[in-house]
Amino acid sequence: MSKVSGGNSIVKIGDRAFANCVSLNGITIAGTVKSIGKQAFYNCKKLRTITFKTSALSSKTIGTKAFTGTYLKPTVRVPAKKLNAYKKLLKSKGMSGKAIYKK
């Protein structure tokens, strides 16, 4: 499995859901997702493309180290209205400082 696209009924990505997944290189987080668990994508070194379709995430709804250990320079697509907020938020949850953000 190299790409995951969440269905429209997914509301939560659990703790360590994809932790240490060596083949995952892209994920689309559906607009219905309200929370992402601790270390959900921890150590997914090949995770290069992350697309957020949800605008509902905050520091309280993303677990600690959720994106720690992902690809050094990932492409992160976020809702246009959330660009600056998600940049700070995701970095605080372990996203690389070299991530490239797009709307």
Side-chain angles (χ1 to χ4, degrees):
M1 168 173 63
S2 62
K3 290 195 187 258
V4 175
S5 212
N8 289 337
S9 59
I10 295 173
V11 293
K12 178 181 182 179
I13 296 173
D15 292 353
R16 300 187 58 79
F18 295 96
N20 299 307
C21 185
V22 294
S23 59
L24 184 67
N25 64 26
I27 189 158
T28 298
I29 297 172
T32 53
V33 173
K34 304 272 187 265
S35 68
I36 297 174
K38 291 181 215 156
Q39 298 181 349
F41 300 98
Y42 183 80
N43 210 26
C44 292
K45 294 186 186 313
K46 291 185 180 177
L47 186 55
R48 294 172 181 250
T49 309
I50 306 162
T51 303
F52 289 90
K53 293 198 172 177
T54 180
S55 296
L57 300 173
S58 69
S59 61
K60 291 179 181 173
T61 58
I62 298 181
T64 54
K65 297 184 180 178
F67 295 95
T68 300
T70 53
Y71 188 68
L72 187 61
K73 202 173 175 182
T75 299
V76 183
R77 293 188 185 281
V78 297
K81 293 178 187 173
K82 290 288 194 169
L83 184 65
N84 290 328
Y86 274 21
K87 269 186 183 180
K88 288 180 191 167
L89 172 61
L90 295 172
K91 189 172 182 187
S92 75
K93 300 300 180 178
M95 186 73 72
S96 170
K98 294 182 179 182
I100 300 162
Y101 292 86
K102 296 182 177 182
K103 308 181 215 184

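The first residue of the sequence shown is numbered 1, and numbering continues consecutively from there. On a predicted model such as this, the values are computed, not experimentally measured, just so you know. Values below: all heavy atoms of this structure, side chains included; hydrogens, waters and symmetry mates excluded.
At a threshold of 4.5 Å between side-chain heavy atoms, the hydrophobic network of Ile, Leu, Val, Met, Phe, Trp and Tyr places Ile10 and Leu57 in one connected group.
Here the CD-CZ distance, from Gln39 to Arg16, works out to 4.5 Å after rounding to the nearest 0.5 Å. Leu47 contributes atom CG, which lies 4.0 Å from atom CD1 of Ile50 (distance to the nearest 0.5 angstrom). Atom OG of Ser35 sits about 9.0 Å away from atom CG of Asp15, to the nearest 0.5 Å. Here the NZ atom belonging to Lys88 is positioned 12.0 Å from the NZ atom belonging to Lys82, to the nearest 0.5 angstrom. Remark: Thr54 OG1 to Ile29 CD1 distance equals 8.5 Å, nearest 0.5 Å. Remark: Lys102 NZ to Leu83 CG distance equals 12.0 Å, nearest 0.5 Å.
A donor-acceptor pair is defined here as one N or O able to donate and one able to accept, closer than 3.5 Å; no such pair exists between the side chain of Thr51 and the backbone of Thr28. In terms of modelled atom types and a separation under 3.5 Å, the side chain of Thr49 and the main chain of Thr75 share no donor-acceptor contact. Using modelled atom types, no side-chain atom of Tyr71 and backbone atom of Asn25 make a donor-acceptor pair closer than 3.5 Å. Counting only distance, with no hydrogens or angles, the side chain of Lys93 and the backbone of Ser59 share a donor-acceptor pair below 3.5 Å.
Using a 30° and 60° split on the angle between ring planes, Phe67 and Phe52 fall in the perpendicular class, above 60°.
When all heavy atoms of Cys44 and Phe18 are compared, the pair lying nearest together is SG-O, 2.9 Å. The shortest non-hydrogen separation linking Ala30 to Lys53 is C-CB, 4.0 Å. Across all non-hydrogen atoms, the minimal contact from Ser96 to Pro74 is CB-CD, 4.2 Å.
Enclosure of atom OH in Tyr42 is not indicated, since only 12 or fewer non-hydrogen atoms of other residues, nucleotides or ligands lie within 6.0 angstrom.
A 4.5 Å side-chain heavy-atom check between Ile62 and Leu90 finds at least one atom pair inside the cut-off.
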List the steps, then state whether side chain to side chain contact (heavy atoms under 4.5 Å, CB included) holds for Ile100 with Lys73. CA-CA 7 Å; Ile100 300 162; Lys73 202 173 175 182; 3.9 Å; yes
Using the rule given for side chain to side chain contact (heavy atoms under 4.5 Å, CB included), can you reason through Thr61 versus Lys34, listing the C-alpha separation, both sets of side-chain angles and the distance that settles it, and then say yes or no? CA-CA 7 Å; Thr61 58; Lys34 304 272 187 265; 5.9 Å; no
